[in-house]
Amino acid sequence: MKIVFLTGAGVSRESGIKTFRDHDGLWEGHSVMEVASIQGWRNDREKVLKFYNERRSQLDGVEPNDAHKLIASLEKDHEVVVITQNVDDLHERAGSTNVVHLHGELRKMCSSMDKEKTLPYDKDIEIGDKHEDGSQLRPYIVWFGEDVPMMSNAIKEVGTADVLVVVGTSLEVYPAASLTQYSKGACRLFYIDPKPSEDTPGIEYFTTIKKVATEGMEYLVDILK
Ligand code: OAD
């Protein structure tokens, strides 16, 4: 059986990483557009670098939770693909081997002329730190206003799933949220979230499991047995 997960910030909440939209629209004290848009980068590179330097060092202090681990454990018996909007590395650290990062990865930085030129992001990026192509180094993050190059790959994975499980996402951000609409007719659909979106197109076909990610995943694993 092929199980495809689409995860968002909620799956990492119980590891101690804040979600984006549960705090009056602020993300760690900033508006999302200030720190996660190409316009925000153009307006204030120093602020954006400081923000992602902090997010990257935060990763060293957090661990995968049981939801990440249960997702990874399904690989024992099934083909599992994780499509995540998260930029953390908790799915990989829990043992998932097939992870598609739609919105980039906090463990990588890149050239600001060509995002495909990536390097490990293993120390803070400062203004003036350059890629060998001469451009300012930046975090390897898909900001608002930028293409989502992994979308076509993600659409193919969803289209061949026998089970599609959405976990911990408000489904407010496109094109990622549109992935709920690419499953084949016979695919079983589940949505784990304590406050699930009700108005995303296609979401009415999903069985909603209104629980936090760890509890919801335990429940799901039982159903799939
Ligand atoms: P959001 O912050 O929009 O949504 C988080 C979701 O997690 C909400 O639906 C919450 O109800 C749910 N949630 C909260 N605690 C949970 C828990 N313990 N277990 C399970 N679910 C829980 O985050 P995303 O939907 O991931 O993009 O946001 C999508 C994108 O918007 C992000 O990837 C990011 C952001 O701007 C970029 O930075 C490009």
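Nothing fancy with the numbering, it's 1 onward along the sequence. Any value given below was found using the heavy atoms of this structure, including those in side chains, with hydrogens, waters and symmetry copies removed. Indexing begins at 1, ligand by ligand and atom by atom, following the structure's order. Bear in mind that the values here come from a model prediction, so they are computed numbers and not experimental data.
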Do NZ/NE/NH1/NH2 and the carboxylate oxygens of D60 and R107 come within less than 4.0 Å?
yes

Using a strict cut-off of 4.0 Å, indicate which atoms of ligand 1 neighbour a heavy atom of [X].
{"X": "V142", "value": "39 (C)"}
{"X": "V173", "value": "29 (C), 30 (C), 31 (O)"}
{"X": "V32", "value": "36 (O)"}
{"X": "F144", "value": "36 (O)"}
{"X": "G8", "value": "26 (O)"}

Report yes if some N/O of [X] lies less than 3.5 Å from some N/O of ligand 1; otherwise report no.
{"X": "F20", "answer": "yes"}
{"X": "K211", "answer": "no"}
{"X": "A9", "answer": "yes"}
{"X": "Y191", "answer": "no"}
{"X": "Q85", "answer": "yes"}
{"X": "T169", "answer": "yes"}
{"X": "A213", "answer": "yes"}
{"X": "N86", "answer": "no"}

Find out whether H101 and V87 are in side-chain contact, i.e. whether some heavy atom of one side chain is under 4.5 Å from a heavy atom of the other.
no

Could you work out, for atom 13 (N) of ligand 1, the closest of G10, G104, A176 by heavy-atom distance?
G10

Minimum distance, heavy atoms only, to atom 8 (C) of ligand 1: which one of T214, D193, T19, T7 is it?
D193

Separation between CG (L220) and CZ (R188), nearest 0.5 Å, reads 8.5 Å

Cation-pi check for Y52 against R56: NZ or CZ below 6.0 Å from the six-membered ring centre and within 45 degrees of the axis, yes or no?
no

